[in-house]
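On a predicted model such as this, the values are computed, not experimentally measured, just so you know.
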Amino acid sequence: MRILLSAIAFALCAMTAQAQDLQTLLQDNAAQIAKPSRNAIGPVLDDMVATGLPQVPTFLEQWSDKNVWQNEDTGTFFIATKTGDTLTLTDIDTGAQSTAPADGFKQLKPNGGVRRVIGTALVQFQLIDPDTTRRAAALESIARRPEAAQLAPLMASLDGEDDPALRARKENLITILSARFAEDPADRIAAIEALAEETSVESRAVLNQILATKPGVATTLPDANIATQYDPMADPDANHAALVTADLATPLTTPDDIRAAMEAHIIDGRVGNTPTAQLNTDAARATAYATLAAAGTVPPLIGIPERDNALQSHVFFDTYTEDDPAITTAARAALDQVETAVALAQTVDLGLDALSLASIYFLAAIGLAITFGVMGVINMAHGEFIMMGAYTGYVIQLFVPDYTIAILIALPTAFAITFAAGVTMERLVIRHLYHRPLETLLATFGISIALQQLAKNIFGTQARPLTSPAWLDGAWVISDVIQISYIRIAIFFLALFFLALILFILKRTRLGLEVRAVTQNPGMAASMGINPDRINMLTFGLGSGIAGIAGVAIGLYAKVTSEMGADYIVQSFMTVVVGGVGNVWGTLAGASLIGGLQKGIEWFNPSNTLAAQTYMILFIILFIQFRPKGIVALKGRAAAD
């Protein structure tokens with residue numbers, strides 16, 4: 001009895017040892033391993049996976065990477081790396097290493113189709129790998145090339161997943177794979193209905209794949225999952241070509257075919273009973289051809305009537321590649337729901353873009369609104385003050401490596417520099433040209449050219465970087481459709497801050513009181529002891545300083561060049577004029593209108609920005625014809641000037 005138990009124990013140990021031996025399994029399938037094919041390798045991989053051996057995933061990875069070699073004498077497989085003429089061999093089961101000449105070994109090189117099958121088998125090991133990076137890579141591999149065989153291991157790996165992000169990704173991929181590959185139609189429909197709640201490109205792609213169609217033509221409508229049936233006469237030429245391709249109709253007989261038939265059947269100067277001299281028209285040749293066709297000499301004449309008869313005796317349709325109508329019905333309803341949600345999301349995204357652009361235009365125009373509204377000065381150099389502010393931020397970043405601190409320093413510095421430049425310009429040029437708008441326009445235009453050339457001489461013609469802090473990198477992603485960069489969000493809040501600041505200055509300070517007095521009635525303000533000359537100087541400096549701050553903000557996402565101001569001067573003037581001259585709320589309204597209008601036109605014609613700007617200018621010209629004082633008209637005597 002003891003001997004029998006010992007024999008049974010020995011046999012069990014031998015079986016266990018054999019079960020742990022991958023090399024034995026490989027030798028049993030050596031032909032398929034050495035020369036694999038995509039169709040035959042599947043059962044071998046299933047046997048490998050069924051063993052549960054820890055060395056299986058390593059072997060599969062090395063095999064896919066073409067690092068498996070076979071000894072040509074013994075047939076043994078090794079993982080090997082080649083150095084010169086020598087191989088460093090690694091035993092597949094034990095991991096023991098040795099070296100051998102490369103002459104007696106053959107490298108296994110599975111083709112692309114086999115490697116894809118290997119990758120599918122390998123995924124189930126990678127999905128439960130302790131390394132989160134490898135699990136994430138496996139999920140991305142599934143997303144790039146989804147297959148039905150991946151669904152079961154993906155579902156099996158879900159319970160043990162402790163990483164929240166990877167677990168969510170697995171659940172998402174399970175839904176996607178179930179929608180396409182689940183065996184139970186009810187499971188597929190449930191997954192499709194779950195996809196209706198998402199707006200991701202991935203989900204829409206799955207629904208479109210389920211709703212994929214193929215064209216068909218037949219004498220009667222087949223018993224299939226029909227997507228669409230077409231009117232055969234809607235596009236007769238294309239539909240007849242489809243009939244010819246399907247060998248259901250004869251091609252049209254062309255004039256060249258008729259002419260060639262005539263030439264081939266000329267006998268004694270006649271074609272049939274018709275002399276060749278009479279075959280000088282298309283009608284005569286067609287009649288002669290019909291005579292030959294009736295005699296069976298040439299193929300039948302296929303003209304427009306015959307084509308139309310052939311079309312009307314067939315049905316043209318598209319059939320779904322998916323056979324189950326319930327699934328395609330669910331997918332169509334889900335896709336319609338998703339497309340509606342995407343359209344709403346695109347509208348929100350377009351609104352955010354318009355709001356962002358309006359913030360930029362408001363920052364660029366608010367300084368001009370103050371100077372233009374109070375002083376009536378058409379300052380064509382306003383864009384160059386924006387440029388000066390941007391270059392100020394660039395120079396400060398050259399000396400302050402911390403970009404956050406550099407921006408905090410650049411904002412007041414840009415204001416100070418452009419404020420001083422504006423005051424200097426007002427004292428030296430502008431104050432001598434009051435009430436002379438043409439001379440003011442020409443003078444400021446000349447100053448703008450001079451400032452541009454000065455910037456080119458100092459900084460060169462290449463764009464200079466104004467780098468945003470790291471916390472402004474990236475974008476706020478609300479969904480796959482809705483997102484906005486953090487820089488634009490920061491500009492939006494900066495615009496709100498300056499809106500509040502300017503309103504505070506105008507409504508709560510003595511300077512603001514004097515500015516409003518000069519704006520509404522300069523003569524009366526002067527009689528009350530207010531110095532209009534001083535107010536004009538401070539107002540021009542304030543508007544120029546705000547333009548400098550706008551330059552820092554704009555430079556964070558736009559190119560900083562000597563011509564950057566020219567990109568905003570036209571929009572700034574349009575913003576001021578449309579909104580209402582000399583009114584902060586009018587400037588805000590004008591910026592909102594122009595920003596929204598420009599984004600709306602670009603949405604209709606995204607490939608032509610110049611055309612969008614042209615349409616916008618035409619719209620504004622029409623708008624001014626009906627409301628010449630702008631959205632928010634100025635009140636007081638100045639409004640009548």
Polar side-chain atom of Arg431 near backbone of Arg427 as donor-acceptor pair, under 3.5 Å: yes

Salt bridge flag under 4.0 Å for residues Arg144 and Glu202: no

Salt bridge Glu198-Arg204, side-chain N to carboxylate O under 4.0 Å: no

Asp336/Arg332 salt bridge by N-O under 4.0 Å criterion: yes

Side chains of Asp318 and Gln229, donor plus acceptor under 3.5 Å: no

Minimum-distance pair of heavy atoms, taken over all atoms of Arg188 and Phe181: NE-N, 4.4 Å

Which residues share a side-chain contact (heavy atoms from CB on, under 4.5 Å) with Val429, sequence neighbours left out: Leu433, Ala443, Ile447

Member of Arg169, Lys170, Arg167 meeting the salt bridge (Lys or Arg N to Asp or Glu O under 4.0 Å) criterion with Glu161: Lys170

Mutual orientation of the aromatic rings belonging to Tyr394 and Phe459 [parallel < 30°, tilted 30-60°, perpendicular > 60°]: perpendicular

Salt bridge present between Arg510 and Glu514 (N-O < 4.0 angstrom): yes

Note, Phe623 side chain near Val578 side chain (heavy atom, < 4.5 Å): yes

Step-by-step side chain to side chain contact (heavy atoms under 4.5 Å, CB included) determination, Leu472 to Ile489: CA-CA 9 Å; Leu472 287 179; Ile489 294 175; over 6 Å; no

Leu368 vs Thr587 side-chain heavy atoms within contact, under 4.5 Å: no

Asp349 side chain vs Ala345 backbone, donor-acceptor pair below 3.5 Å: no

